[in-house]
There are 2 protein chains.
Amino acid sequence: MKKRQRWSTIPGCSLEAALNVIGGRWKGVFLFHLLDGKMRFNELSRLAKGASPRLVVNQLRELEHDGLICREVFPVVPPKVEYSLTDEGRSLEPILISLSDWGYAWIERHPFQEPHLVTDSPGPISPPEAPRTP
Amino acid sequence: MKKRQRWSTIPGCSLEAALNVIGGRWKGVFLFHLLDGKMRFNELSRLAKGASPRLVVNQLRELEHDGLICREVFPVVPPKVEYSLTDEGRSLEPILISLSDWGYAWIERHPFQEPHLVTDSPGPISPPEAPRTP
DNA sequence: CTGAATCCACAAAGATACTG
DNA sequence: CAGTATCTTTGTGGATTCAG
């Protein structure tokens, strides 16, 4: 059985398409580190600290399906699989670097910023007193 | 009660931080269209076709919390709220444009590519015959 | 070592109705 | 108009176990 991902079927704009491709939980990280050369499954797994193999495999499979990475299987014992960037994947290099730079600057600007905490009831923000509409 | 998002607490690298901030389902789209100027809630909602108000609000709240957009409430009847980019949000402009361009090119390279279909059982990939390990 | 198979919890997203 | 409140549904991701 097949399940559709949470991303919309037809991206509303090209930016959606791009985020659809690199926006996965670990995809950016994998692509970024693959800029330095081939990596094996375990190396990539270590990058994704706390992620189960299942998730790592899924992310890699999607990247492969999207033509950004190449999966090379060596028929040896013990098994060995190497992942590398395709030319298409490498075309993301400047963007990945820009993103990384921006992220670094953002962290410096928000030193102790917590990740998003989603409250079930955000509560009222600015109760206006309803004057006249212009 | 507060719940932690699925993103990791401490991003492993700055690229993770960046994707943490702009990688939400509609965040990129909102930011991208806000490059053209202020927008009201309903305008943004229309961009996110099929998204419930709850989701739109959440995404906007997170962008606001991360300092990328500014929420301006006009105490009038009917209510009016305008969202605009902060300077920090605008600093993403080159990246958003690069992403959009890349996405456009990607779509052209993959004309009829389906979005990711996740199969529960991808099936075997390359059954090696297990020779000797070098 | 590199996954595949299975089960399951929990959070995210959808639908709907409602309010200031 | 711009959200809230609630309920329900969905599905992603964790943990574990097994296999080639």
Side-chain angles (χ1 to χ4, degrees), chain A residues 1-8 23-27 39-46 48-62 64 71-83 115-134, chain B residues 1-8 23-27 38-46 48-62 64 71-83 115-131 133-134:
Chain A
M1 177 214 178
K2 304 213 173 207
K3 295 184 235 172
R4 192 173 300 281
Q5 262 206 343
R6 69 194 173 95
W7 298 98
S8 72
R25 177 65 186 88
W26 298 106
K27 292 185 181 180
M39 295 186 103
R40 301 185 58 177
F41 181 85
N42 265 2
E43 300 183 86
L44 293 166
S45 279
R46 269 188 291 275
K49 289 231 304 183
S52 58
R54 170 151 173 56
L55 181 54
V56 175
V57 174
N58 273 347
Q59 301 273 297
L60 290 172
R61 287 281 194 281
E62 292 185 3
E64 187 191 5
R71 179 175 177 273
E72 193 177 1
V73 180
F74 297 84
V76 298
V77 173
K80 173 179 172 181
V81 178
E82 278 185 348
Y83 294 89
H116 308 130
L117 294 177
V118 180
T119 67
D120 273 344
S121 7
I125 298 284
S126 288
E129 281 133 27
R132 209 51 29 214
T133 166
Chain B
M1 178 213 176
K2 307 216 170 205
K3 297 183 232 172
R4 191 171 300 283
Q5 261 206 345
R6 67 193 176 96
W7 299 97
S8 72
R25 177 66 187 86
W26 297 106
K27 292 184 181 180
K38 307 184 179 216
M39 296 186 104
R40 301 184 58 174
F41 181 86
N42 266 2
E43 301 183 85
L44 293 166
S45 279
R46 269 187 291 276
K49 289 231 302 183
S52 58
R54 170 152 170 57
L55 181 53
V56 174
V57 173
N58 273 347
Q59 301 274 298
L60 290 173
R61 287 282 195 281
E62 293 185 3
E64 187 191 6
R71 179 176 178 271
E72 193 178 1
V73 180
F74 297 84
V76 298
V77 173
K80 174 178 173 182
V81 178
E82 278 185 348
Y83 294 89
H116 307 131
L117 294 176
V118 179
T119 67
D120 272 343
S121 6
I125 297 283
S126 286
E129 281 133 26
T133 165

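Bear in mind the structure is a predicted one, so any value in this text is a computation, not a measurement. As a basis for the values below, the full set of heavy atoms in this structure was taken, side chains included, without hydrogen atoms, waters or symmetry mates. The chains referred to below are lettered A, B, ... by the order of the sequence lines, with proteins before strands, and numbering in each begins at 1.
- As a whole-Å value, the separation of Arg54(A) CZ from dT17(D) C1' is 14 Å.
- Between the NZ atom of Lys27(A) and the P atom of dT12(D) there is a distance of 11 Å, rounded to whole Å.
- The side chain of Ser52(A) lies closest to dG14(D) when the candidates are dT2(C), dC1(D), dG14(D).
- Atom CD of Gln59(A) is separated from atom P of dG13(D) by 6 Å (rounded to the nearest Å).
- Taking atom CG of Leu55(A) as the reference point, atom P of dG14(D) lies 5 Å away to the nearest angstrom.
- The interatomic distance linking Arg71(A) (CZ) with dC1(C) (P) rounds to 16 Å, in whole Å.
- For Tyr83(B), no side-chain nitrogen or oxygen approaches OP1 or OP2 of dC1(D) to under 4.0 Å.
- The two residues Trp26(A) and Gln59(A) come nearest to each other via the heavy atoms N-OE1, 2.9 Å.
- Contact check, Arg40(A) against dT2(C): a side-chain N or O comes under 4.0 Å of OP1 or OP2.
- OP1 or OP2 of dT4(D) sits under 4.0 Å from a side-chain N or O of Arg61(B).
- In this structure, the nucleotide among dG3(C), dT4(D), dA2(D) sitting nearest to the side chain of Pro79(B) is dA2(D).
- Distance Phe41(B) CZ to dG20(C) C1': 15 Å, rounded to the nearest Å.
- Phe74(A) has its CZ atom 18 Å from the C1' atom of dG20(D), to the nearest Å.
- Axis orientation changes by 60° from one end of the helix from dC1(C)-dG20(D) to dG20(C)-dC1(D) to the other, with each end axis drawn from 5 pairs and the value rounded to 10°.
- The CG atom of Leu60(B) sits 14 Å away from the C1' atom of dC1(D) (whole-angstrom rounding).
- Contact annotation: Arg46(B) side-chain N/O to dA2(D) OP1/OP2 distance is not under 4.0 Å.
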Could you pull out every donor-acceptor pair under 3.5 Å between side chains of residues 38-45 of chain B and any protein atom, sequence neighbours left out?
unit_1   : atom_1 : unit_2   : atom_2 : d
Lys38(B) : NZ     : Glu72(B) : OE1    : 3.3
Arg40(B) : NH2    : Pro79(B) : O      : 3.4
Glu43(B) : OE2    : Arg40(B) : N      : 2.8
Ser45(B) : OG     : Phe41(B) : O      : 3.4

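- Phosphate proximity of dA12(C) to Asn58(B): absent, as no side-chain N or O sits under 4.0 Å from OP1 or OP2.
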